[in-house]
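Got a structure for you, questions after.
We name chains A, B, ... by the order of the sequence lines, and we start the count at 1 in each one.
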4 protein chains.
Amino acid sequence: MTGKEKTELRKTQILQAAAKVFAEKGFQEGTIPDVAKESGVSEASIYEYFSNKENLLFSIPMEAMQRLSEKIDFHLKLIRGSAEKLRAILYLQLLFYIENRDYAAVIMLILKQNRRFLDTEAHQAIRKHLKTVDKVIRDGMECGEFRNDMDPYLIRSTCLGSMEHVVTNWLMLGHPTDEELLKWVDPMLNALVRGVGAGNELNQCPLKHLIVPEDVEA
Amino acid sequence: MTGKEKTELRKTQILQAAAKVFAEKGFQEGTIPDVAKESGVSEASIYEYFSNKENLLFSIPMEAMQRLSEKIDFHLKLIRGSAEKLRAILYLQLLFYIENRDYAAVIMLILKQNRRFLDTEAHQAIRKHLKTVDKVIRDGMECGEFRNDMDPYLIRSTCLGSMEHVVTNWLMLGHPTDEELLKWVDPMLNALVRGVGAGNELNQCPLKHLIVPEDVEA
Amino acid sequence: MTGKEKTELRKTQILQAAAKVFAEKGFQEGTIPDVAKESGVSEASIYEYFSNKENLLFSIPMEAMQRLSEKIDFHLKLIRGSAEKLRAILYLQLLFYIENRDYAAVIMLILKQNRRFLDTEAHQAIRKHLKTVDKVIRDGMECGEFRNDMDPYLIRSTCLGSMEHVVTNWLMLGHPTDEELLKWVDPMLNALVRGVGAGNELNQCPLKHLIVPEDVEA
Amino acid sequence: MTGKEKTELRKTQILQAAAKVFAEKGFQEGTIPDVAKESGVSEASIYEYFSNKENLLFSIPMEAMQRLSEKIDFHLKLIRGSAEKLRAILYLQLLFYIENRDYAAVIMLILKQNRRFLDTEAHQAIRKHLKTVDKVIRDGMECGEFRNDMDPYLIRSTCLGSMEHVVTNWLMLGHPTDEELLKWVDPMLNALVRGVGAGNELNQCPLKHLIVPEDVEA
DNA sequence: AATGAATGAGGCTTCATTCAT
DNA sequence: TATGAATGAAGCCTCATTCAT
């Protein structure tokens, strides 16, 4: 028991260090020696836990995405209305980025442009997340909360893209500040939902009280 | 003269090759030997034109951005209405990406996450472009075409972010196709402008015929 | 006792695994982790039995050579005639190689070219074996069965070299097959003994019934 | 011209150094830094000429085998009689080993036990050499100079094996001396040819004056 | 102006080996 | 006795970059 826990701890230690190093320097410029120094572990030990440098990189988002995913699933069950759900998802995601700056940087600035990452187990977790978003959007379109004359993929892209753009700038330029960033979620989401919404004011989904939470999980 | 022209040609040759190589392999995995092979120029010669590898990378978007910028400026002069202008900018930008896939990849997938690129002359061109967008947005807010209860930076982010997200996916996943991508511009812009718009239907800027083209350049 | 036996068993286990690994991959390319996996023993445990990797390698032939040596000694006592004895030695040796392919590979392909192996206890066993061969040859020369105008070392070299060459090819190329290899012993030995023989046909050693078995051991 | 020559010189320089290093330390224990030091060339430069360490190793015998092969071909044309030819081949080969101790060590102690070497261009040169030997042996069997009740492969193995064994001992033990080694060629060959010979004394090939040199080349 | 040739620098990775349990 | 875990040491190899021609 204690052995396995220790191992798990060590792994997390290394992953955190790696996230920090790669977030600061980028993947290629961040070296294994850097990660070793940062984590207080020998270089060789890193290879006990991760088969190679790229595998280390790809392992960074796994845990974190897991946690985020669970949190989102949990909250979605408590919320009625697709617009509200969409807002919740984006809000939680943004919050997560703010609270885990290094992970955010690794995901947004490094992994997003790595083609090999697409074939990764970690990327599957991301795809699952995207599916959740899709479900919410499609539900919203069906029940009339969202415009149904738009490709749902486009709706998703607009929402996520806006957020990612802001996050990327926040990471790269340090602007806006964390507080501003959080304050912006609402107006941004409002604008998005408005652009994406059906035009009649919110809460108009006649069936929304019937949507059982399990739907979201599908 | 002929000497200078030849030099300029060679430079372009190298830049194109570099764009292709970096677009395919990424910056670190694309090597100077690769660029040399692709361009048919010796490695050593590359250093005659570019002081080092990063400088080569940073030089890639210059020309192209220049051309795009000029084209946008030209078109903006012919268009009235902030919404229309915004649409034009985004459309031209998207068109540019589609027609210059390698440049798009270098800009969107590589340069965007390079902090040192921020201090670059090439990045200034980008900032100038952003200012143009800002100007259009602010004008639109002033004359009531756009909501004025939103941070203009947020409006810009929403517009650019949506587009960049779609472009990134197009580059990384090959999805959507070029044609789809182009077809999507309009609905996407509509949604954006609607979300960002003042609510009363378009074309309502009473002063838009007064906006003199030169304003935009400022 | 049981403890000691267990220890001995474990050692043999490891040695066999090591022989297999080194035979397949060579000494440097075969790793301690490989041996650990193959033997079902932990890496650390290997070091309980063998002080280091080279010592493990050098220990491989000991047991086996011991067994071979005993078998040869036993048979030699039953045979009269130097030519017959020589034939027996070579035959038994060849048989041993065929029946212990991994050991053969380790000895012929790895240890033979290791200078440090020369200083080993295991190598002493080999030298003792060579002395047995020498004794037989010298006896054969004395009693007129073998040519006495040739350096005995040369005779030995010719016999052993021929055999080793064939064995090496068998190990490296898988050619000839085990059966062919065994069938070849006789003609090869005939040729050798003929080349090495005194010319008058065999069995002509007038004193051979006087050779007492103990001589051979010396 | 001068450029190519210089390149070729450099390559030879490196190969000689590599032969020396590997002969002394073995392949794995001899390092690229060692070769660099020995050859007075930088490590990186070695990789300009040889794609990797193993390729460097495999390239060592090429030149040398080439030279030996040519010399043998040349001499064979001048010699009548299969036995004499066989003797010549073995003698020249032995001489070559003595005059190129490092190459001999690399070939006999390192390459001979490397399975990947078998797929090498350099190994083809060796196979060609073996074919020459085979041809001589088969010719000798046909015209009655050699026993025809033995597998020719076995005859070849006996001859080469004897020689290689002696050479290996010479390399490993420094015994016999170069002079002794040379002096032994004749008696050894006599014994071999005698063992392998048809029994009637030499020179009995009735057609041997008809054998045209070209035969050998086939 | 153009390049073939050479190399310094440094990263990733692998193991043999140790040690605490 | 047995081993999981940790690491020091070191080698291969790759490139960006320089320089003589």
Considering only dA16(F), dC13(F), dT3(E), which nucleotide approaches the side chain of Glu43(B) most closely? dA16(F)

Could you check which of dG11(E), dT7(F), dT18(E) has an atom nearest any side-chain atom of Thr31(A)? dG11(E)

Nearest to side-chain heavy atoms of Lys53(B), which nucleotide of dT17(F), dG8(F), dT7(E): dT17(F)

dT21(F) pairs with which nucleotide, Watson-Crick or G-U wobble, both distances below 3.5 Å? dA2(E)

Which of these nucleotides, dT17(F), dT1(F), dT3(E), is closest to any side-chain atom of Tyr49(C)? dT1(F)

Taking the side chain of Tyr47(D) as its heavy atoms from C-beta onward, which of dC13(F), dC15(F), dA2(E) lies nearest to it? dC13(F)

Among the nucleotides dT7(E), dC13(F), dT7(F), whichever has the atom closest to the side chain of Asn52(D) is dC13(F)

Closest of dA6(F), dG4(E), dT1(F) to the Glu48(A) side chain is dA6(F)

Would you mind checking if Glu29(B) and Arg116(A) are paired as a salt bridge, meaning a charged N to carboxylate O distance below 4.0 Å? yes

Residue met sooner reading DNA chain E from 5', once Gly30(C) and Pro33(A) are mapped to nucleotides: Pro33(A)

Between Ser39(B) and Gln16(B), does a side-chain hydrogen bond (donor to acceptor under 3.5 Å, both in side chains) hold up when you go through it step by step? CA-CA 8 Å; Ser39(B) 65; Gln16(B) 260 172 2; over 6 Å; no

From the list dA5(F), dT7(E), dT13(E), which nucleotide is the closest neighbour of the side chain of Ala44(D)? dT7(E)

Centre of Phe58(D)'s six-membered ring, under 6.0 Å away, within 45 degrees of the axis: is that where NZ or CZ of Lys53(D) sits? no

Going from NZ on Lys25(B) to CD1 on Ile110(B), what distance comes out if it is rounded to the nearest 0.5 angstrom? 12.5 Å

May I ask which nucleotide in the shown strands pairs with dT13(E), Watson-Crick or G-U wobble, both distances under 3.5 Å? dA10(F)

Contact class for Ser45(D) (heavy atom, under 4.0 Å): base, sugar-phosphate, or nothing? base

Does Phe117(C) form a side chain to side chain contact (heavy atoms under 4.5 Å, CB included) with Leu57(C)? I'd like the steps, not just the answer. CA-CA 9 Å; Phe117(C) 177 59; Leu57(C) 171 68; over 6 Å; no

Does OP1 or OP2 of dA6(E) have a side-chain N or O of Arg10(D) closer than 4.0 Å? yes

Can you figure out which of dC19(E), dC12(F), dG8(E) approaches the side chain of Ser42(D) most closely? dG8(E)

